[in-house]
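Working notes for the structure below.
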Amino acid sequence: MEDFAALIDALIYTRSRNEKLRLIAEYLRTTADPDRGWALAALTDGMDFPAVKSSTIRTIMKERIDPVLWSLSRDFVGDTAETASLLWETGQIGASGDVEAPPSVSEAVAILSAMTRKTAPVELPALLDRLDAPGRFALLKLATGAMRIGVSSRLGKVAFAQSFDVPVEDVEEYWHGLSPPYEELFAWAADGEAPPDIANLPTFRPFMLAHPLEETAVDMADYAAEWKWDGIRVQLVHAGGETRVYSRSGDDISATFPEMLGALTIPAVLDGELLVRGNVQGGEAGPGKQGGAASFNALQQRLGRKTVSKKMLSESPAFVRLYDALLIEGEDVRTLPWEERRKKLESFVPRLPASHFDISNIVKADDFEALAEIREGTRDDAIEGLMLKRRDSAYIAGRKTGLWYKWKRDPLLIDCVLMYAQRGSGKRSSFFSDYTFGCWNGDPDAGAELLPVGKAYSGFTDEELKKLDKHVRSKTVNRFGPVRETDKSLVFEVAFDSVHESKRHKSGLAMRFPRIHRVRWDKPVHEADRIEALKSLIRD
Amino acid sequence: MSAPFSWIRSEPWGIHVVPADAWVDPGKAVDRALVTHGHADHARGGHGATVATPETLAIMKLRYQTGEGPSGGETTPVQYSETIRLPGNVDATYIPAGHVLGSAQILLEHAGERVICTGDYKRRADPTCPPFEVTPCDILITEATFGLPLFTHPPIEGEMAKLMERLAAYPDRCVLVGAYALGKAQRVIAELRRAGHAQPIYLHGAMEKMCRLYEEHGIELGELRLVSDTPKDEMRGHIVIAPPSALNDRWSRRLPDPITAFASGWMHVRQRARQRNVELPLVISDHADWNELTRTIEEVNPQETWITHGREEALLRWNQLHQRRARALALVGREDEDE
Ligand SMILES: [Zn+2]
Ligand SMILES: [Zn+2]
């Protein structure tokens, strides 16, 4: 437990991602099973011990310390686990005076799992008595399943891959089929044993990803083109009688889209874009006219929900536009060339309910110039651009150069005025690098005001950042906590992918993926764009 | 005969010693100020006369031009253990408080009644000032900066070891230690020297004069260099000390990949350290922790305790639980010290 506690504290005080990775990897390499597996589970997913809640800790503490002193302390610290770890006085229990050795992580997990609401008030203090303050903090955080120390499950997996020098895609693939303390996973990665068998489990398989096309032109004899849809990338899995929907990051989002669960009942792993039905968009997709997607805004309403109302299900039902398959009827087709996978997918899709699935059409173009023309002509808001896929490529996890390209539509541009700035994080914490900018709500020469329309923290060079930072510091007119208001004398040319109506912003508009395209040191602010100009770019 | 202790009053601007018309650590300019130590929430300029230890007067001269020129007012130096007679038959004795160089508790005696204003204090050893002396009295007016039971400051040796370990582990970086410019910075340097750290220590410009003042008072700080005079690469593998406000400031860009440390009692609480973007929290405090506060009240054993700045409620509650008379004073301008 001491090593785990030291790791937790080191992670809390470490800002750099690389350093966090190094710390976790080091711990995993030097710690034995099953401790390291439990630690990894605690760091990434959090563990649930139903008998130990924050309220359990509060109750225990109020019996050991004056309730008024407890409350004053808890209010100051702001965290129950930390307050208890600091206020704990050891040795109140062991009357004999001997102190038991600190528990290992796995021993602590075993004791916590065995606790009931009845026994916790006695067993938890006994456990705490065996630990020092950092150990108590780590234990209570572990017990209440609320680490909140800036370690995402992705970070945990990358650290695992780094510590044993195995591909992170493989880790992703096996991870989902296993449960803590992941002994098979360590046996495979650390001791070179056979990989865990996950064939019959509805687990996530890592996605194949695309590079931006940039300046490259490709030969259409080698590549096929598809529309790039403006939804969310999902993986649908059916195995062992269960269906799951996974997001790009491998998170299980089945509960958010329950209508998809009954729609796939044949063992398969499918790759596609999740969209919601609408009648406005998708009309342009190819000669066969592939209709029916609503704007991303409509989809946005459904994201992140743990439960979905009937009304939502009937008003904005989800469907998946398929473009690839990893497994079909239990057969792993990832090693086949794209062309053959596509054929298999085309013959498979008719077996799925049309209400919930269609197939993303191929965009036919004789050569690259023709394709460029098609891309230019697209005005459909459900389309973000084109995907180019090498016809002979296997389905390879991760982002391998030359196989898949995304070719987005040219970004939209608008001139905005810098209004507020905030410090960045990590390496940028001494720079004002997060910018909020606005457009005029009328004629600036006739007294119009600026209304914020977006925020960006990328798109500039380090040199430009230094200049921008200097600008913010010398042009500050107001401070609101960490935020500086500037004198509104600088124009940004802002690039963004699309713009939508939004009730959340005063301007009534929200941009997608805004970034600083150019800093217009030369441009007078009254020449910046007006809200109406931005509004006219809405393509709903 | 007037009512017991009616000669001493708590006012929003400080403790008023009525017969002497003198104020202890007043928050505004007064005719006669009795100053416990040089920190900004206790000492200020503009008083007609300032009574303090010679060290505190030197600090106030540096910071507030106290005693200099016609506007600096008069000064009366009082040595530790020395008693001076104030108007109105009030005797004042300055007793070491162990907080920073020159810091004193002030014992006030009048009509057979004894009142002590501790100012800020601690009960730990500090190579830069003499230790706190327990002195009996009737009313103890105590600080309560770390007046919550969760505050138990660890031994300083362990914190110094953490600092040196980190320094050794990253020879290509420097460790930037945020430390309050009066007291904490010099104590950290002196403790580093005590722990055998003989390399030069690099200072933010705002620290320089106070360090020189400490040296003039016989506190050896070893070789100190200014960051502003030093090429970046020379500071790799070294310790840099700066005021807390400089930690995340652009000033720090001139340092070679600094690891941010902060020497403060507040670092005991993780969230406080994270708020400050601190990578290496060093729990080093010049104030009494909870045990020191309560132990001091028990040892001094006054009839009544008055609690000035900090977290008064918890200490008040402790007194109540231990059947001790106490009350909290509402003094203005005494926020959490950037300790
Ligand atoms: Zn002080
Ligand atoms: Zn103070």
Side-chain angles (χ1 to χ4, degrees), chain A residues 6 8-16 19-20 22-23 61 64-79 81-89 132-134 136-138 141 148-150 423-433 462 465-466 469-470 472-473 481-482, chain B residues 144 146-154 158 162 165-166 169-170 173 176 246-255 257-262 266-283 289-291 294 310-322 336:
Chain A
I8 298 299
D9 266 351
L11 289 171
I12 283 179
Y13 298 123
T14 301
R15 280 180 278 171
S16 127
E19 185 65 11
K20 283 186 182 177
R22 197 190 64 75
L23 289 165
M61 289 311 294
R64 296 173 67 103
I65 175 175
D66 173 60
V68 176
L69 291 178
W70 161 260
S71 301
L72 289 168
S73 302
R74 165 68 184 72
D75 289 350
F76 179 84
V77 176
D79 178 276
E82 181 165 15
T83 314
S85 75
L86 293 174
L87 282 174
W88 198 258
E89 285 182 44
D132 63 0
R136 293 191 291 266
F137 175 73
K141 284 283 166 194
R148 288 199 201 93
I149 54 171
R423 280 178 204 270
S425 51
K427 268 198 158 39
R428 278 193 183 168
S429 59
S430 75
F431 291 94
F432 286 92
S433 61
D462 285 355
L465 174 58
K466 276 188 195 157
D469 178 66
K470 210 171 149 207
V472 171
R473 287 170 193 275
Chain B
F146 290 101
L148 280 175
L150 62 99
F151 286 111
T152 46
H153 306 323
K162 271 202 265 175
E165 259 167 43
R166 191 66 71 96
Y170 295 91
R173 304 177 67 181
L176 169 61
L247 288 186
N248 294 310
D249 189 68
R250 59 179 158 169
W251 172 84
S252 66
R253 287 184 215 161
R254 67 187 71 195
L255 303 175
D257 198 8
I259 297 164
T260 309
F262 190 8
W266 303 118
M267 294 299 104
H268 196 49
V269 176
R270 287 175 181 79
Q271 199 50 38
R272 287 278 180 132
R274 285 181 86 173
Q275 271 165 11
R276 290 265 193 170
N277 271 333
V278 170
E279 294 162 283
L280 176 62
L282 300 170
V283 188
D289 68 11
W290 176 258
N291 293 330
T294 54
R311 258 134 278 285
E312 302 93 344
E313 302 110 301
L315 201 54
L316 205 57
R317 175 70 178 171
W318 179 87
N319 277 285
Q320 193 190 344
L321 292 171
H322 291 79
D336 280 357

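All values below come from the heavy atoms of this structure, side chains included, with hydrogens, waters and symmetry mates left out. Throughout, protein chains are lettered first and strands after them, A, B, ... in sequence-line order, and every chain is numbered starting at 1. Just so we're clear, the structure is a prediction, and the values are computed from it rather than from any experiment.
Residue Pro149(B) comes nearest to Leu69(A) through the heavy atom pair CG-CB, 4.1 Å, listed as atom of the first residue, atom of the second, then distance.
How far CZ of Arg250(B) is from NZ of Lys466(A): 12.5 Å, rounded to the nearest 0.5 Å. Rounding to the nearest 0.5 Å gives a distance of 9.5 Å between CG of Leu280(B) and OH of Tyr13(A). If you take OG on Ser430(A) and CG on Leu247(B), they are separated by 12.0 Å, rounding to the nearest 0.5 Å. Note: Phe151(B) CZ to Leu86(A) CG = 8.5 Å, rounded to the nearest 0.5 Å.
Proximity to chain A (any heavy atom under 4.5 Å) is restricted, for Trp290(B), to the side chain, taken from C-beta onward. Contact of Pro482(A) with chain B is not made at all, since no heavy-atom distance falls under 4.5 Å. Residue contact with chain A, scored on non-hydrogen atoms closer than 4.5 Å, involves the side chain of Leu321(B) exclusively. Interface residue Val269(B): backbone and side-chain heavy atoms are both found under 4.5 Å from chain A.
No side-chain heavy atom of Gln271(B) sits less than 4.5 Å from a side-chain heavy atom of Val77(A). No side-chain heavy atom of Arg311(B) sits under 4.5 Å from any side-chain heavy atom of Leu72(A).
By number of non-hydrogen pairs under 4.5 angstrom with chain B, the leading residue of Asp79(A), Leu87(A), Ile65(A) is Leu87(A). In terms of heavy-atom pairs under 4.5 Å with chain A, the best-connected choice from Asn277(B), Asn248(B), Asp249(B) is Asn277(B).
By the 6.0 Å and 45° rule, Arg270(B) stacks over the aromatic ring of Phe137(A).
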Chi angles and distances behind the side-chain contact (heavy atoms from CB on, under 4.5 Å) call for Glu19(A), Glu279(B): CA-CA 11 Å; Glu19(A) 185 65 11; Glu279(B) 294 162 283; over 6 Å; no

